[in-house]
Amino acid sequence: MPPILLKIHISPDSLKKGFFGGDPLTGEIHIQIQKNKIHCQKLTISFGWEIRGSGIPESDPRKQIQLLYQGDWLFGQTYSYPFTLKISPEGPFPSSGENFQLRYILTVMIQTPFSKTLTQKLLIPVLPNPQGKKIYRAGPNDLKADPLSLNLAEFSPFLIFRIILFFSLFLSLFMLPAGKIILNFVLIFFFSALLLWACFRNSWAQWKIIPSLELDSNIFHPGDSLPFEIRLKAKRRVSLKKIQVHFIGEENTVIHGRNQQWKQQNELFRITKNEDLNNILSPGEERKISYSILIPSDAPFFLETREHQVFCKLDIRIVLKNWPDYFISKRIFLIPQGYKVCSS
């Protein structure tokens with residue numbers, strides 16, 4: 001028979017229905033002493049979220065902790081300690097992925113001399129509050145092209161050609177052994193042009209076309225329709241082959257090894273739309289293409305902590321004929337119904 005019998009009492013109806021952000025969490029702790037007189041060094045209760053998964057476990061940095069009692073408990077007596085905690089209206093809300101699970105836990109701890117700390121945990125269902133609350137601080141993510149590309153749009157292709165030509169002639173005549181000047185020139189010219197093309201191919205696409213993504217907002221709810229518009233403005237004559245649109249749910253988890261750490265990425269879902277265009281745009285012509293994607297009702301809410309990150313994004317690939325592809329990426333934040341973004 002254990003010396004202490006510990007029970008956490010919360011209304012069964014409340015546990016069944018769940019709690020909303022901002023609600024009070026009330027209950028009682030019942031303690032029955034079954035052996036001898038016991039000195040309680042500390043009786044505490046704590047409440048907050050925790051994450052378990054592939055990465056290092058995380059806990060709520062704003063976890064609520066209350067000291068309920070310090071003193072003696074007599075043999076055969078039963079004690080009750082009421083408590084009141086408040087569920088944060090700011091989230092995050094319970095969710096799970098391949099590599100993590102976020103949940104809210106109520107923990108009661110009893111510390112006594114010369115014995116192991118007695119701990120009891122209770123899972124608390126927390127639901128998004130349907131009443132409008134300002135919760136997430138999430139600014140729009142600027143439109144970005146391929147991060148490996150450099151912007152050479154202000155340079156003329158003929159200027160680049162002349163630079164490669166003079167560079168190849170200089171090396172062939174003065175830096176390499178004589179006798180094979182023509183061969184040296186051809187090899188240097190070819191490899192220089194190939195290297196520049198590999199480094200700046202995405203920037204060169206801007207010489208022919210200027211793409212942009214138009215969104216009224218990047219804040220949505222699961223189950224919403226996500227409308228957006230792709231605008232293409234031709235600077236020179238260009239042939240459009242197709243546009244690929246991907247709406248992706250992604251989860252990133254920091255994994256810690258013995259001497260290193262790395263980021264593990266997992267794709268939660270992907271919605272793909274392909275449109276074959278086979279159109280030709282004349283210089284100065286602008287084309288607008290409208291799309292709409294239905295966000296899955298079970299898509300995960302936006303989450304960002306020290307070790308875990310869950311978000312959605314729009315990835316758009318514009319395929320040109322005989323010219324490098326262009327990529328646009330935009331992050332989309334999903335929040336519960338009734339919530340909006342904190343502006344401060």
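Side chains are part of it too, since the values below use all heavy atoms of this structure and drop only hydrogens, waters and symmetry mates. Quick caveat, the model's predicted, so the values are computed rather than measured. All residue numbers in this chain count up from 1 along the given sequence.
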May I ask you to test the Phe228-Ile316 pair for a side-chain heavy-atom distance under 4.5 Å? yes

Given side chains that start at C-beta, do those of Glu28 and Pro82 come closer than 4.5 Å, heavy atoms only? yes

With heavy-atom distances below 4.5 Å as the criterion, would you say the side chains of Arg103 and Glu50 are in contact? yes

Going by side chain to side chain donor-acceptor pair (under 3.5 Å), His246 matches just one of Thr272, Asp315, Asn274. Which one? Thr272

Answer yes or no: is there a side-chain heavy-atom contact under 4.5 Å between Leu314 and Tyr291? no

Do Tyr81 and Ile31 come within less than 4.5 Å of each other through their side chains, counting heavy atoms only? yes

Please report the C-alpha distance between Gln41 and Gln70 in whole Å, then the side-chain angles of each, then the deciding distance to 0.1 Å, and finally whether the side-chain contact (heavy atoms from CB on, under 4.5 Å) criterion is met. CA-CA 5 Å; Gln41 293 178 322; Gln70 286 179 309; 5.9 Å; no

Heavy-atom neighbours of Lys42 NZ exceed 12 at 6.0 Å: no

Under 4.0 Å between a side-chain nitrogen and a carboxylate oxygen: does that hold for Glu275 and Lys242? no

Exercise: identify the closest heavy-atom pair between Gln120 and Leu6: OE1-O, 3.0 Å

In terms of heavy-atom contacts, Ser297 and Pro222 come closest through O-CB, 3.5 Å

Are Leu232 and Val319 co-members of a hydrophobic cluster defined by side-chain heavy atoms under 4.5 Å apart? no

Can you find a pair of side-chain heavy atoms, one from Val126 and one from Asp23, that are under 4.5 Å apart? no

Pair Ile87, Leu85 - check side-chain contact (heavy atoms from CB on, under 4.5 Å), show working. CA-CA 7 Å; Ile87 299 174; Leu85 301 166; over 6 Å; no

Do Phe83 and Ile10 touch side chain to side chain, with heavy atoms closer than 4.5 Å? yes

4.5 Å side-chain heavy-atom contact, Leu334 and Phe220: yes

With rounding to the nearest 0.5 Å, note down the distance linking CD1 in Ile105 to CH2 in Trp49. 12.5 Å

Considering all heavy atoms, the nearest Leu123-Tyr104 contact: CD1-O, 3.4 Å

Identified side-chain contact (heavy atoms from CB on, under 4.5 Å) partner of Gln66 from the options Thr84, Thr44, Leu43, Ile45: Ile45

Looking only at atom types and distance, does a side-chain atom of Glu267 sit under 3.5 Å from a main-chain N or O of Ile248, one as donor and one as acceptor? no

Under the 3.5 angstrom rule, does the side chain of Tyr79 hit a backbone N or O of Ile33 as a donor-acceptor pair? no

Would Leu215 and Leu226 satisfy side-chain contact (heavy atoms from CB on, under 4.5 Å), going step by step from the backbone distance to the final call? CA-CA 9 Å; Leu215 272 172; Leu226 170 58; 3.9 Å; yes

Nearest heavy-atom pair of Ser329 and Lys313: which atoms, and what distance? OG-CD, 4.3 Å

Worked verdict on Trp73 versus Ile4 for side-chain contact (heavy atoms from CB on, under 4.5 Å): CA-CA 10 Å; Trp73 287 324; Ile4 299 176; 4.1 Å; yes

Contact summary for Glu229 and Ser290, nearest pair of heavy atoms: OE2-OG, 3.6 Å

Going from CD on Gln34 to CG on Leu5, what distance comes out if it is rounded to the nearest 0.5 angstrom? 5.0 Å

How long is the span from the CG atom in Asp325 to the CZ atom in Arg317, to the nearest 0.5 Å? 4.0 Å

Work out which heavy atom in Ile293 is nearest to a heavy atom in Phe247; give both atom names and the distance. CD1-CB, 3.9 Å

